[in-house]
Amino acid sequence: DMAFDSQEVRLAVRAVNSGRYQEAVQILMRVQSTGRDARWHYLFALAQQGAGNTMTAQEEMQRAVQMDPNNPLYHQLLQQYRQAGQTYEQRARGFNMGAMDPSRWCMTCLAVNLFCNCCCRGF
């Protein structure tokens, strides 16, 4: 309820509602730890999710649920974040991460360099 929110939290709500997620994260980080209640963690999760930080958003939503276990909105959002995290993990597993291995690039460069020096006399 915005009626009980601090000025920073109200600014963060406006930033989240306007899609300015990084700004909301910065505003919320200024709130002292004593002011970080379940609503703060909820808003921080929304800002983090909007900024593309899915895992942080899930962790923050989990904290909000722990602090206010009777809030159905927090439970619903946590479930959505968990599902999004599972989908991300499944897609990452399906992607060939070996192709991105820097050691392979290094070995390829060494092999090309050796070939050029031996066979092409450095050309």
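This is a predicted model, so every value here is computed, not measured.
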Between Asn53 and Val25, is there a side-chain heavy-atom distance shorter than 4.5 Å? no

Please step through side-chain contact (heavy atoms from CB on, under 4.5 Å) for the pair Leu28 and Glu8, ending with a clear verdict. CA-CA 7 Å; Leu28 289 165; Glu8 288 97 353; over 6 Å; no

Is any side-chain heavy atom of Gln79 less than 4.5 Å from a side-chain heavy atom of His75? no

Under the side-chain contact (heavy atoms from CB on, under 4.5 Å) rule, what do Arg82 and Gln62 come out as? Steps first, then yes or no, please. CA-CA 10 Å; Arg82 284 182 175 159; Gln62 179 66 45; 2.5 Å; yes

Non-hydrogen atoms of Ala51 and Gln22 that approach each other most closely: CB-NE2, 3.8 Å

Which heavy-atom pair separates Arg10 from Asp5 by the least distance, and what is that distance? NH2-O, 2.7 Å

Other residues, nucleotides and ligands only: do more than 12 of their heavy atoms fall within 6.0 Å of CD on Gln7? yes

Look up atom CD in Gln58 and atom CE in Met61, then write down how far apart they are to the nearest 0.5 Å. 11.0 Å

For Tyr42 and Ala64, the nearest pair of non-hydrogen atoms, with its separation, is N-CB, 3.9 Å

Applying salt bridge (Lys or Arg N to Asp or Glu O under 4.0 Å) as the test, list every pair that has at least one member in residues 66-81; sequence neighbours left out. none

Between Val9 and Leu43, is there a side-chain heavy-atom distance shorter than 4.5 Å? yes

For the atom pair OG (Ser33) and CH2 (Trp40), what is the distance rounded to the nearest 0.5 Å? 9.5 Å

Would you indicate whether the side-chain heavy atoms of His41 and Met67 approach each other to under 4.5 Å? yes

In Å, rounded to the nearest 0.5 Å, how long is the span from OH of Tyr74 to CD of Gln66? 13.5 Å

Mind checking salt bridge (Lys or Arg N to Asp or Glu O under 4.0 Å) for Arg63 and listing every partner two or more places apart, or none if nothing turns up? Glu60

For residues Arg39 and Phe44, determine if any side-chain heavy atom of one lies less than 4.5 Å from a side-chain heavy atom of the other. no

Are Tyr21 and Val16 close enough that some pair of their side-chain heavy atoms sits under 4.5 Å apart? yes

For Ile27, the rest of its hydrophobic cluster, which grows through side-chain links under 4.5 angstrom: Leu11

